[in-house]
Protein chains: 2
Amino acid sequence: MLSFVEENYLKAIYHLSLNGKQEVSTNALAEEMRTTPASVSDMIKKLSQKSVVSYKKYQGVNISEDGRRLALHVIRKHRLWEVFLVEKLNFTWDQVHEVAEQLEHIKSPLLIQRLDEFLGHPKYDPHGDPIPDEHGNLIEKHRQPLDALSIGDQGVMTAVDDSSSSFLKYLDKMEIGIGSNIKVIDFIEFDGSMDIKVDDDKTLTVSSTVAQNILVAID
Amino acid sequence: MLSFVEENYLKAIYHLSLNGKQEVSTNALAEEMRTTPASVSDMIKKLSQKSVVSYKKYQGVNISEDGRRLALHVIRKHRLWEVFLVEKLNFTWDQVHEVAEQLEHIKSPLLIQRLDEFLGHPKYDPHGDPIPDEHGNLIEKHRQPLDALSIGDQGVMTAVDDSSSSFLKYLDKMEIGIGSNIKVIDFIEFDGSMDIKVDDDKTLTVSSTVAQNILVAID
DNA sequence: ATTAATATTTAGTTTAGTCTAAAAAAAATA
DNA sequence: TATTTTTTTTAGACTAAACTAAATATTAAT
């Protein structure tokens, strides 16, 4: 049985291993958890002991299959409570997160089963994120490199394939990042470059190489 | 701000100071909390530091006005969640306690305000215990053995005085339980037995002994 | 290929809550 | 009243989760 704190670490590891590589670095986790790398190092050993992550010194952590299942169970509870707060208690979407962060740690299988029924087995939370089922299965949004999209398609950037600092610097300069909404405006056959609109705001052109290395999630 | 553990100690102190004297002894509290007197001694100092109890060495604790208010706030949350679990999620009365023990520690004034509205501002929990209002005011019900009532009186069964399994089996068979509404229809002077109506539904006769061991709360 | 910079781990403390064993105070009893 | 018994507190240790400072490993840069 994991403690509240351990559950929160596991959730963070799960999220980071989706957005970036599978390997999650100590520093990234420390930043996500708003704590120090030293604390993370300690916690990683505990989680490794409990077989929810695998870990080699200085090599970052990988979430295990057990860990993934546990993380998704917590996420399921979080998202179900969010639905409850919005649909039944008239919370606005920006009021739900903090409370759901607390409610997600309540331990009672019956409670979650009944809550799910009460809410009519919702598939998505108020932010549009999918709710994992009781076995930890998640309808993952299809994730593709940007250059696989066609004109008119859009998606949310969730990761990069190339994580060289030069590429990341380029993205930074262009003000594209994880979470950016990207819509394909035009595709130039000649060199494979694309015109894209970012966050319904600025339009810019990216090379074929860049487009290959930006991963987007589409519905 | 009190921790979960501190809140639980405070609740226990509140309950013990109702049932017995205002003075709560270290040993009694240790038994209630299923811990050691030494741990209780330590905790009492912390609670005293935070002015929720007053305490003189070797003299036991007294809950303060602030402490009472805080304890009643936790009890309010506990009982509101119990109503939710029974009325909305179809829990039975014996399934709610453990889960409500967890839910009562969630910190969000908005959540409790909205939950209260959602449930229609209930005055009593599923066991018939009154729900304190948001200011920590409690409508204490007068609790009496059934045989003390007169014809026409009614109340909600809240407890039993005899908890032998033979008595509980009898109650089970008669379909009387915690939360049942009991109205006195007739009182037979000859042997002290009573005719009662349960939940405005079935009428039955109970012996004087039975009536002495059923406790009811009257408004 | 060294050196410099960055990332990660270890070592040593801290706080909350718990424990056992021992000491001290209060209550009960003779 | 003196003594025994019970209750309560203190002292010292333990675990979980955090921190700071120092040491070590890895990566980047010259």
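Order of the sequence lines fixes the chain letters, A, B, ..., with proteins taken first and strands second; residue numbering starts at 1 for each chain.
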Under 4.0 Å between any heavy atoms, over every strand shown, what does A:Ser39 touch: base, sugar-phosphate, or nothing? Just pick one. base
Between C1' on D:dT6 and CD on B:Glu31, what's the gap in Å once rounded to a whole number? 15 Å
May I ask you to verify if any side-chain N or O of B:Thr26 is less than 4.0 angstrom from the OP1 or OP2 atom of D:dT9? yes
Tell me what A:Thr36 touches on the nucleic acid: a base, only sugar-phosphate, or nothing, going by heavy atoms under 4.0 Å. base
With no hydrogens and no angle check, do the side chains of A:Glu117 and A:His121 hold a donor and an acceptor under 3.5 Å apart? no
Please report the distance, rounded to the nearest Å, between CG in B:Asp42 and P in D:dT7. 19 Å
Any cation-pi pair here, B:Lys88 with A:Phe84, using under 6.0 Å and within 45°? no
Would you say C:dT10 has OP1 or OP2 under 4.0 Å from some side-chain N or O of A:Lys57? yes
D:dT8 C1' sits how many Å from B:Lys56 NZ, rounded? 16 Å
In terms of side-chain heavy atoms of B:Asn27, which of D:dT7, D:dA18, D:dT10 is nearest? D:dT7
Just to confirm, is there a sub-4.0 Å distance from OP1 or OP2 of C:dT10 to any side-chain nitrogen or oxygen of A:Tyr58? no
Look at A:Ser41 and C:dT10 and indicate whether a side-chain polar atom (N or O) is within less than 4.0 Å of OP1 or OP2. no
Please answer whether the main-chain N or O of A:Leu89 pairs with a side-chain N or O of B:Arg114 as donor and acceptor at a distance below 3.5 Å. yes
For B:Glu32, enumerate each residue passing the salt bridge (Lys or Arg N to Asp or Glu O under 4.0 Å) test, keeping only those at least two apart in sequence or located in another chain. none
Counting only heavy atoms not in A:Lys107 (residues, nucleotides, ligands), do more than 12 fall under 6.0 Å from its NZ? yes
Tell me the interatomic distance from B:Glu23, atom CD, to D:dT7, atom C1', rounded to whole angstroms. 15 Å
Looking at the side chain of B:Gln59, which of C:dT10, D:dT9, C:dA26 is the nearest nucleotide? C:dA26
Is the distance from OP1 or OP2 of D:dT10 to the nearest side-chain N or O of B:Lys45 less than 4.0 Å? yes
How far apart are the C-alpha atoms of B:Val74 and B:Tyr14, what are their side-chain angles, what is the distance that settles it, and do they pass the side chain to side chain contact (heavy atoms under 4.5 Å, CB included) test? CA-CA 11 Å; B:Val74 176; B:Tyr14 173 80; over 6 Å; no
Quick note, A:Thr35 side chain, CB onward, closest among D:dA18, C:dT8, C:dT10 is D:dA18
Using a 3.5 Å distance criterion without hydrogens, assess whether the side chain of A:Ser64 forms a donor-acceptor pair with backbone atoms of A:Ser51. yes
Within residues 2-12 of chain B, find the residues that approach DNA chain D with a heavy atom at under 4.0 Å, and present them sorted by residue number. none
Please state whether the phosphate of C:dA7, meaning OP1 or OP2, lies under 4.0 angstrom from any side-chain nitrogen or oxygen of A:Ser25. no
Which nucleotide in the list C:dC19, D:dA18, D:dA21 gets nearest to the side chain of A:Met43? D:dA18
What is the separation between atom CD1 on A:Ile44 and atom P on C:dT10, rounded to the nearest whole Å? 11 Å
